[in-house]
Colleague: 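One structure, pasted below without further comment.
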Amino acid sequence: MTGGNFMATYEYLCSDCGPFDVRLAIGSAPATHDCPGCAGEARRVFSSPSLAVTPYGLTASREREEKSREAPDVVSAPPPRERPAPRPHPALSRLPRP
């Protein structure tokens, strides 16, 4: 971010060199751009945004929410309570061993 302008990454495709990215101010990307490899004209292509940095917990909750819209989970009883394993009495560790 420089001078109050927000920057975005735009993708272009050169017919000779292949795809490349250009960072420009949001909303200022032209339909074509000069290829940095061959200086030929490359057309702008549209692709999905990169969401790889989304935390796993957020992704999982979004997927659960979307799934529950169409096919909500139906339960007939609350889930069973998980009980911790009983701990041995502390005095047992002081008993003589055979």
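Quick caveat: nothing in here was measured; it's all calculated off a predicted structure.
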Colleague: Can you tell whether the side chains of E66 and R62 come within less than 4.0 Å, N to carboxylate O?
Modeller: no
Colleague: Would you please test E65 and R69 for salt bridge (Lys or Arg N to Asp or Glu O under 4.0 Å) and show each step?
Modeller: CA-CA 7 Å; E65 177 192 8; R69 289 180 191 164; 3.4 Å; yes
Colleague: Quick one: closest heavy-atom pair of F20 and C35, and the distance?
Modeller: CZ-CA, 3.8 Å
Colleague: P30 and R44: which non-hydrogen atoms are nearest, and at how many Å?
Modeller: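 Shortest heavy-atom separation between P30 and R44 comes out as O-CD, 3.9 Å.
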Colleague: Between L13 and Y10, is there a shared hydrophobic cluster once you connect ILVMFWY residues whose side-chain heavy atoms come closer than 4.5 Å?
Modeller: no
Colleague: Which atom pair, heavy atoms only, marks the closest approach of C38 to C14?
Modeller: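 In terms of heavy atoms, the two residues are closest at SG-SG, 3.6 Å.
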Colleague: If you measure from CZ on R43 to OG1 on T32, what distance do you get to the nearest 0.5 Å?
Modeller: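 Between R43 CZ and T32 OG1, I get 11.5 Å after rounding to 0.5 Å.
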Colleague: Going by the angle between their ring planes, with limits at 30° and 60°, are Y12 and H33 parallel, tilted or perpendicular?
Modeller: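 Ring orientation, 0 to 90° scale: tilted.
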Colleague: Would you kindly confirm whether L58 and Y56 end up in one hydrophobic cluster when ILVMFWY residues are joined by side chain heavy atoms under 4.5 Å apart?
Modeller: no
Colleague: In terms of hydrophobic clustering (I, L, V, M, F, W, Y; side-chain heavy atoms under 4.5 Å; direct or indirect links), are V22 and F6 co-clustered?
Modeller: yes
Colleague: Might you point out which heavy atoms bring I26 and M7 nearest each other, and give the distance in Å?
Modeller: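 Shortest heavy-atom contact: CG1-C, 4.2 Å.
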